[in-house]
Number of protein chains: 2
Amino acid sequence: MDAMSPFELDATLHQPIRTRIAAFLIARGEATFTELKKELAITDGNLESHIKKLRASGYLSKEKKMGASKRAQTVYSLTRDGQESFENYLETLKRILAVKF
Amino acid sequence: MDAMSPFELDATLHQPIRTRIAAFLIARGEATFTELKKELAITDGNLESHIKKLRASGYLSKEKKMGASKRAQTVYSLTRDGQESFENYLETLKRILAVKF
DNA sequence: TAACTATACTCTGTTTTTCAGAGTATAGGC
DNA sequence: GCCTATACTCTGAAAAACAGAGTATAGTTA
């Protein structure tokens, strides 16, 4: 989105909880609120605020899905922009940590 | 220091400015306030607060050095604990981003 | 079928963090 | 002796992170 220096780390993604959310969703494709909460072991309010931040950046999408049961369940996944930003974030990380990877 | 889950990212190091400070110091050994400021392109106050945070965690040392000139110059470098925490941080990152590295 | 429980959130408010800019001290150059 | 650059520190504002209470509703049990 905005032009960044090759060493500037995306503040939306470079945060302890959000890096994990993004990596988890890249690996798994999608997850429910509860799955994320279990994985991260954080409070509802905290998860909610990170989801909100990710959505405000346009990185996360929320979709209602009809599963086998009648109940609609909401799943979260990365948007295309979120996936691209995550890729760029990884590239920046590699540049910064070049010595180590 | 404190026991962390294998996926918890050290909050002192997993922050846009501080990750870069640590990586820069790992690569270069030491740096002055001005060198860091130039590298990061941030304000004095902002750099100061990140240095303070790193020092509060015991990761950064500040040393007065007598160089060629008469003037004593202060150099910053990672403490042993800082180096170890950075190594651990990298391991955690690799675990979380396994898919990608 | 009414009460209970679990899921899936949102809202509010507090604490902590991040950041900019002004302020201070000192050394070296003109 | 004055000016400028370096090397910080201090203060306060703005934003972020977080916990816990609150709300809505679907499914479960008595």
Side-chain angles (χ1 to χ4, degrees), chain A residues 2 4-5 7-22 24-25 30-77 89, chain B residues 2 4-5 7-22 24-25 30-77 89:
Chain A
D2 50 324
M4 285 197 192
S5 113
F7 297 106
E8 252 177 86
L9 289 162
D10 185 329
T12 297
L13 295 172
H14 198 67
Q15 196 281 127
I17 304 291
R18 290 191 299 266
T19 300
R20 294 178 67 189
I21 293 176
F24 189 71
L25 290 176
E30 56 181 39
T32 64
F33 190 92
T34 305
E35 283 167 349
L36 288 171
K37 207 178 71 157
K38 191 169 298 179
E39 171 71 15
L40 304 165
I42 57 176
T43 59
D44 291 26
N46 196 7
L47 176 54
E48 158 74 7
S49 77
H50 288 298
I51 284 176
K52 192 181 288 179
K53 174 93 183 196
L54 252 3
R55 274 166 62 74
S57 299
Y59 292 178
L60 192 73
S61 77
K62 182 183 185 173
E63 263 182 278
K64 291 230 182 297
K65 263 203 172 179
M66 277 304 169
S69 76
K70 214 151 293 179
R71 182 169 201 172
Q73 84 166 341
T74 305
V75 292
Y76 295 94
S77 59
Y89 166 63
Chain B
D2 50 325
M4 284 196 194
S5 111
F7 297 106
E8 252 177 84
L9 290 161
D10 185 329
T12 298
L13 295 172
H14 198 67
Q15 194 282 123
I17 305 290
R18 292 192 298 268
T19 300
R20 294 178 65 188
I21 293 176
F24 189 70
L25 290 176
E30 55 181 40
T32 64
F33 190 92
T34 305
E35 283 167 348
L36 288 171
K37 208 178 71 158
K38 190 170 298 180
E39 171 70 16
L40 304 164
I42 56 174
T43 60
D44 291 27
N46 195 6
L47 176 54
E48 158 74 6
S49 79
H50 289 297
I51 285 175
K52 191 180 288 177
K53 175 94 182 196
L54 253 2
R55 274 165 64 74
S57 299
Y59 292 177
L60 192 72
S61 78
K62 182 182 184 172
E63 263 182 278
K64 290 227 182 299
K65 264 203 171 178
M66 277 302 170
S69 75
K70 214 152 292 177
R71 183 168 201 172
Q73 83 165 344
T74 306
V75 292
Y76 295 93
S77 59
Y89 166 63

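A quick note: this is a predicted structure, and the numbers were derived from the prediction, not measured. To find a chain, count down the sequence lines: A is the first, B the second, and so on, and within it residues start at 1.
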Whether [X] side chain and [Y] backbone form a donor-acceptor pair below 3.5 Å:
X: Thr74(A); Y: Glu63(A); answer: no
X: Thr32(A); Y: Val75(A); answer: no
X: Ser49(B); Y: Asn46(B); answer: yes

Below the 4.0 Å mark, does [N] have OP1 or OP2 next to a side-chain nitrogen or oxygen of [X]?
X: Arg18(B); N: dT18(C); result: yes
X: Thr43(A); N: dC18(D); result: no
X: Thr74(B); N: dC8(D); result: yes
X: His50(A); N: dC18(D); result: yes
X: Asn46(B); N: dA20(C); result: yes
X: Lys52(A); N: dT10(C); result: no

Parallel, tilted or perpendicular: which describes the rings of His14(B) and Tyr89(A), with under 30° parallel and over 60° perpendicular? perpendicular
Once you round it to whole Å, what is the distance between [atom2] of [N] and [atom1] of [X]?
X: Leu60(A); N: dC9(C); atom1: CG; atom2: P; value: 11 Å
X: Glu8(A); N: dC19(C); atom1: CD; atom2: C1'; value: 14 Å
X: Glu48(A); N: dA16(D); atom1: CD; atom2: C1'; value: 14 Å
X: Ile51(B); N: dA20(C); atom1: CD1; atom2: P; value: 14 Å
X: Glu35(B); N: dT6(D); atom1: CD; atom2: C1'; value: 12 Å
X: Leu47(A); N: dC11(C); atom1: CG; atom2: C1'; value: 15 Å
X: Leu54(B); N: dT18(C); atom1: CG; atom2: C1'; value: 14 Å
X: Lys53(B); N: dT15(C); atom1: NZ; atom2: C1'; value: 12 Å

Testing the basics here: between [X] and [Y], what is the closest heavy-atom pair and its distance to 0.1 Å?
X: Tyr76(B); Y: Ile51(B); answer: CE2-CG2, 3.8 Å
X: Ala11(A); Y: Arg18(A); answer: O-NH2, 3.3 Å
X: Leu13(B); Y: Ala22(B); answer: CD2-CB, 4.0 Å

Describe the nucleic acid contact of [X] in one word from base, sugar-phosphate, nothing, applying a heavy-atom distance below 4.0 Å.
X: Ser49(A); answer: base
X: Ile17(B); answer: sugar-phosphate
X: Lys62(B); answer: sugar-phosphate

Could you please name the option among dA19(D), dA20(C), dC9(C) that lies closest to any side-chain atom of Asp44(A)?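 Comparing dA19(D), dA20(C), dC9(C) against the side chain of Asp44(A), the answer is dC9(C).
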Return the nearest nucleotide to the side chain of Phe33(B); candidates are dA17(D), dT7(C), dC8(D).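 The answer is dC8(D).
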If the helix axis at each end comes from five base pairs, how far does the helix from dT1(C)-dA30(D) to dC30(C)-dG1(D) deviate from straight, to 10°? 10°
Do Glu35(B) and Glu39(B) pass the side-chain contact (heavy atoms from CB on, under 4.5 Å) test, and can you show the C-alpha distance, the side-chain angles, and the key distance before you say yes or no? CA-CA 6 Å; Glu35(B) 283 167 348; Glu39(B) 171 70 16; over 6 Å; no
Sorted by position of nearest nucleotide on DNA chain C, 5' first, the leading residue of Thr34(A) and Gly45(B) is Thr34(A)
